[in-house]
Amino acid sequence: MKIAVCVKQVLSREATIRVNDQGTWVRDADAQFEINEPDQYALEEALRLKEQHGGEVIAVSAGPARVTQVLREALARGADRAIHVGDDALVEGDAFVVAAALAEAIRPEGVDLILTGLQSDDQGFGQVGVVMAERLGMPHATIIMDVSLADGQVRVKRELEGGWFQWVTLPLPTLLTIQSGINQLRYATLKGIMAAKKKEIRAVRAEGRASEQRIARLYVPEKSKQTRVLEGSAAEIAKELVQALREARVI
Amino acid sequence: MILVIAEHGRGEVNRATWEVVAAAQQTGEPVKVVVVGHDCRGVASELATASVDEVLLVEDAALATYTADGYTAAIAAVVQAEAATLVLVAHTYQARDFVPKLAARLDRPLVADCVGLRRQDNAWRFVRPMFQAKLAADVLVDGPAPHFVSLQLGSFRADQVQRGASAVPVRPVAVSIDSAAIRQRPEEPFKEAKQAVDLTQADCIVSIGRGIKGPEHVVLAQQLADALSAELAASRPICDAGWLPMDRQIGSSGQTVAPKLYLALGISGAIQHVVGMKGSRMIVAINKDPEAPIFELADYAIAADLFDVVPAIIAELNSQS
Ligand SMILES: Cc1cc2nc3c(=O)[nH]c(=O)nc-3n(C[C@H](O)[C@H](O)[C@H](O)COP(=O)(O)OP(=O)(O)OC[C@H]3O[C@@H](n4cnc5c(N)ncnc54)[C@H](O)[C@@H]3O)c2cc1C
């Protein structure tokens, strides 16, 4: 079982988000980064499938040189090797640009399974995995909460809206987009971190495709609702809130 | 012309599809709606009550249950035959599953999860959230039409759909679907074991998010809930981590509630959470980030550390009772 798992480097959840002077992207020059959350679950699922069925896990990330940090992290958690698809333009690229870059890097590997997170916390396209599948001629399923492999097929549990689920069976090779919460994440051990230093991160160039989507303006959304801001000491806030709840007869 | 892709289930038009029809009508462009499935003429007739140009109906036994491969093949044929400038669809789970594939098949861009669209300087501008709704972007699209656009649930109002004086024509469109080429084999949808708690009946809900930091602090939220006679609920990451059971999750993949009071503790306000609670009568948000998106829908905003404020609120409630 040869599994490619795509991991995106995104701003850390704790980072304060500020628009750049041009109003087209965020200031990320000295920001903290981490692996996009659903991609962490995709990586974990890949590692678990390898533990059950044997094989190899290849972590793939597209972006500037800094994304090798998340590849190191993936190697430390247990991926066998990594591919870095390098191009600075990939940070702001649209979903098709990123999908093309990743797909062409993975194509020569001839993998059985490609896992991605279902969407990224920054751009939130939710498209890259599905577009890759189409490009590679593979079937796909999205928002997956369970994966089991048997007899050259994969049976997956698709999350639907409002607490509904559905099992779907697909032939291999296939692409799955993984939902957060599918498993419990493991974190890198010291041993893993040491081992990662010896693992390969192969650099490949991205296919030069131009984005068709451009951000004309990036901004903090306007508020539409009338909001009362409660300020002061904790005790003052508490007093004011409890009074407001009583006046509105919600308590 | 704007082409709307309809979604339906159990013989009914998805509410989100009506929102998209309303959005399409509001552009002032001619609108057509396409319905894909099997034995779904009733759905097409229902959509034909809207003031649109026509409803296209694609029926095939291979389309009886939704599959990404089947829907992509069927709708790709329709989009190629119709000269649409935009193809609009609701950003549902089903759309997430096949519309990127459809767009890729036709090599046309998809602007996903938009909350608005307008014409400006002879071009469409699409508004979409980024960075988990902390920012919004105006997006421009290059290249030949059609451009695919998915609209976030709730960003347009279904009750603003314009109805026609009489039903518009339903035009059957023949497409040939090779059922052997459909690679997904879906089973019947199901719900996990019966839900033990029904939060939809609760008058007051205290809901916790990742700001609660660890399972050891859930008791603090429980104390607040007790003081308010409220139910305890949570955002998805809390349930994923097992700090509260799944049946207390609020949002698109959990329960949808509309209590008198929804008190959000350390919840950022991602859209998938918001759709499950925005109908609440009064929303109080406590979040240490003054720019957290949850404050956009709060009636009362408390930009503070929940670990300072919550004990004070509990003390205040208990001192008065
Ligand atoms: C297809 C899909 C379905 C989904 N379904 C759901 C769903 O049904 N329900 C759901 O909730 N989510 C759902 N999600 C996930 C959703 O997108 C968000 O990731 C999630 O809601 C975030 O949860 P949160 O607000 O608790 O965490 P975060 O976004 O991490 O926010 C934590 C907040 O806590 C604040 N905070 C931290 N410390 C403190 C403190 N000491 N005091 C006060 N505030 C503090 C921070 O400022 C931050 O705003 C879904 C996502 C997808 C893609």
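Worth knowing before you read on, the calculation uses all heavy atoms, side chains too, and leaves out hydrogens, waters and symmetry mates. Below, chains carry the letters A, B, ... as their sequence lines are ordered, and counting in each starts from 1. Everything numeric in this text was worked out from a predicted model, so none of it was measured.
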Problem - Side-chain ion pair, A:Asp28 and A:Arg66, N-O less than 4.0 Å - result: yes

Handout entry: Lys/Arg-Asp/Glu bridge criterion (N-O < 4.0 Å) met for B:Arg96, A:Glu161
Key = no

Exercise for the section: Determine the option with the most heavy-atom pairs under 4.5 angstrom with chain A, choosing from B:Met246, B:Arg108, B:Arg128, B:Lys134. Expected result: B:Arg128

Contact class of [X] relative to chain B, heavy atoms under 4.5 angstrom:
| X | answer |
| --- | --- |
| A:Val26 | side chain |
| A:Arg155 | side chain |
| A:Thr177 | neither |
| A:Leu11 | side chain |
| A:Glu236 | neither |
| A:Ala216 | both |
| A:Asp122 | both |
| A:Val242 | side chain |
| A:Phe96 | side chain |
| A:Gln123 | both |

Contacting region of [X] [heavy-atom separation from chain A under 4.5 Å]:
| X | answer |
| --- | --- |
| B:Val310 | neither |
| B:Ser252 | backbone |
| B:Glu291 | side chain |
| B:Val275 | neither |
| B:Phe307 | neither |

Problem - Any donor-acceptor N or O pair under 3.5 Å, side chains B:Asp97, B:Tyr71 - result: no

Handout entry: Side-chain donor-acceptor contact under 3.5 Å, B:Asp113 with B:Gln152
Key = yes

Handout entry: Within 45° cone and under 6.0 Å: A:Arg158 NZ/CZ vs A:Phe165 ring
Key = no

Handout entry: B:Arg236 to B:Trp243, cation-pi by 6.0 Å centre distance and 45° axis angle
Key = no

Completion exercise
To the nearest 0.5 Å, atom OH of B:Tyr300 lies from atom CG of B:Leu263 at 12.0 Å

Exercise for the section: Quick one: pull up CG in B:Asp240 and CD in B:Gln249 and give me the separation to the nearest 0.5 Å. Expected result: 6.5 Å

Practice task
Taking the side chain as every heavy atom from C-beta outward, state whether B:Trp124 and B:Val141 have any atom pair closer than 4.5 Å.
Solution key: no

